[in-house]
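Working notes for the structure below.
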Protein chains: 2
Amino acid sequence: MTSQAAEGPETVVASRRSKITPEREREFFDAVLEQIRECGYDSVTMEGIAASTRCSKSTLYRQWKTKPQFVAAALRASRRVRFAGIDTGSLAEDLRQAARAAGDWSGKDTRLLQALGHAVTSDQELAQALREALVHPEIAALEEMLARGVARGEVRADHPALEYIPAMMFGVLRVRPVLNGQYADADYLVRFVEAAVLPALGLA
Amino acid sequence: MTSQAAEGPETVVASRRSKITPEREREFFDAVLEQIRECGYDSVTMEGIAASTRCSKSTLYRQWKTKPQFVAAALRASRRVRFAGIDTGSLAEDLRQAARAAGDWSGKDTRLLQALGHAVTSDQELAQALREALVHPEIAALEEMLARGVARGEVRADHPALEYIPAMMFGVLRVRPVLNGQYADADYLVRFVEAAVLPALGLA
DNA sequence: GTGTACCGGTACTCCACCGTATCGGTACAC
DNA sequence: GTGTACCGATACGGTGGAGTACCGGTACAC
């Protein structure tokens with residue numbers, strides 16, 4: 001990301017400055033995110049990352065100036081939309097599928113969000129990266145679903161529950177570990193949609 | 001708590017081992033919880049607590065063996081039920097008042113929960129203390145409200161949304177900062193109850 | 001008044017991490 | 001082939017917190 005200049009259509013090698021391949025970079029990023037999930041943001045050390053990826057601290061510091069910048073880069077690289085492509089033609093079914101999808105990555109992302117939750121309060125770039133990687137894509141996808149439902153006339157555009165649906169989904173996802181001691185799995189979330197989200201929208 | 005043996009009905013002094021008064025102890029506890037909210041659990045140091053309360057590290061280590069034990073004691077001492085006494089005779093109104101009450105301590109407790117969220121995964125005693133201090137009392141109070149509503153016949157006992165209400169309330173409370181960048185205030189929560197919680201229960 | 005034991009202060013050891021510097025090996029450019 | 005510059009390894013100084021040890025002062029018990 002910071003180090004590649006893809007010139008040729010095929011060869012990745014094009015007078016680049018860094019010899020770190022994208023695959024290698026992904027190893028670093030995977031390692032740091034995993035260690036954050038395991039030990040928390042503060043406990044993650046550049047030394048630890050270097051050791052677990054068998055690279056040297058120098059290499060990391062050459063590419064990224066500081067730990068927050070490194071983590072932010074890792075987050076940006078891990079960005080992907082998990083609700084992508086859900087469009088069944090029915091809002092209720094869209095939400096059920098989103099719940100199912102959310103349940104599948106629930107553990108990993110919930111841990112990451114929890115572990116970074118406090119670190120972001122003191123680093124703007126990190127906060128931005130976290131939102132872009134884990135929060136905003138999913139929220140946007142949810143809001144698109146809702147917009148399509150409104151467009152189809154399933155829900156009125158001024159329905160008061162609309163603005164709370166993303167918070168409900170995300171919220172239940174995040175607090176389940178605290179309340180019940182286990183991550184929200186797909187089944188739990190689908191039942192939640194059925195029992196609370198759809199009724200709130202007047203769809204059940 | 002660890003150090004007092006209240007024998008006389010009035011005099012606190014009764015052949016106690018520690019000279020630390022309950023007021024002094026509360027200073028320590030307030031300081032550590034506040035610093036946790038500000039800087040996160042890992043960044044809080046016994047040295048910092050000692051400095052900010054003008055006591056010595058020795059004093060702290062004399063009373064509590066380790067940092068997690070100290071923090072756990074602080075949590076246990078801060079335990080109080082915030083929804084206590086809410087009983088309006090109507091479930092809808094109970095929930096509205098709970099939302100209002102929650103909004104008032106939202107910032108402080110949300111920050112504390114967030115800051116400790118990861119630390120508790122590696123310390124059982126801390127986890128237990130956190131649940132007893134911040135989570136369980138509120139959940140229990142909510143469940144009592146719901147039970148009363150069921151007893152009054154406002155909601156059927158097998159209503160599927162019932163089990164999700166605490167998670168919804170807590171969840172929205174906690175994720176609002178992530179989604180909107182601000183803590184959930186009383187107004188936001190009351191509107192949430194109105195727009196989503198009551199409809200989910202078939203009460204609006 | 002005397003003794004005890006706790007308090008606050010400080011100095012200390014130990015340890016882990018940060019960030020930098022140095023160095024040999026080597027892959028790639030030309 | 002030769003040069004360049006990046007990689008991985010290691011070592012280094014500096015910092016800061018965890019706990020411990022010691023010490024003078026003092027409040028309370030009796």
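Per chain, numbering begins at 1; letters A, B, ... match sequence-line order.
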Find the distance [X]:[atom1] to [N]:[atom2] and express it as a whole number of Å.
| X | N | atom1 | atom2 | result |
| --- | --- | --- | --- | --- |
| A:Ile49 | C:dA16 | CD1 | P | 17 Å |
| A:Asp42 | D:dG17 | CG | P | 13 Å |
| A:Lys67 | C:dC17 | NZ | C1' | 9 Å |
| A:Glu47 | D:dG8 | CD | C1' | 14 Å |
| A:Ile20 | C:dC28 | CD1 | P | 14 Å |
| B:Leu60 | D:dG17 | CG | C1' | 14 Å |
| A:Met46 | C:dG19 | CE | P | 7 Å |
| A:Glu27 | D:dC7 | CD | P | 14 Å |

Within the distance-only criterion (no hydrogens, no angle test), does the side chain of B:Ser43 pair as donor or acceptor with the backbone N or O of B:Cys39 below 3.5 angstrom?
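The answer is yes, because a donor-acceptor pair under 3.5 Å joins these two groups.
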Would you confirm whether A:Lys108, through its side chain, and A:Arg37, through its main-chain N or O, come within 3.5 Å as a donor-acceptor pair?
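Flag not set: sc A:Lys108 to bb A:Arg37 has no pair under 3.5 Å.
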Ion pair present between [X] and [Y], side-chain N to carboxylate O less than 4.0 angstrom?
| X | Y | answer |
| --- | --- | --- |
| B:Arg148 | B:Glu154 | no |
| A:Arg96 | A:Glu93 | yes |
| A:Arg82 | A:Asp104 | no |

Opposite nucleotide pairing with C:dT4, Watson-Crick or G-U, both atom distances under 3.5 Å:
D:dA27
Under 4.0 Å, heavy atoms only, any strand: does A:Thr66 hit a base, just the sugar-phosphate, or nothing?
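Answer is nothing: A:Thr66 stays at 4.0 Å or more from every strand.
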Check every strand shown and say whether B:Thr45 touches a base, only sugar-phosphate, or nothing at a heavy-atom separation below 4.0 Å.
sugar-phosphate
Going by modelled atom types, is there a donor-acceptor pair between the base of C:dG8 and the side chain of B:Lys57 at under 3.5 Å?
no
Counting just side-chain N and O atoms, does A:Gln63 come under 4.0 Å of either OP1 or OP2 of D:dC6?
no
So, is B:Thr59 close to the C:dG8 phosphate, meaning a side-chain N or O under 4.0 Å from OP1 or OP2?
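Result: yes.
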Nearest-neighbour nucleotide for the [X] side chain, [options] considered:
| X | options | answer |
| --- | --- | --- |
| B:Arg62 | D:dC7, D:dC22, C:dC18 | D:dC22 |
| A:Cys55 | C:dC18, C:dT10, D:dG8 | D:dG8 |
| B:Arg24 | D:dA18, C:dA21, C:dG8 | C:dG8 |

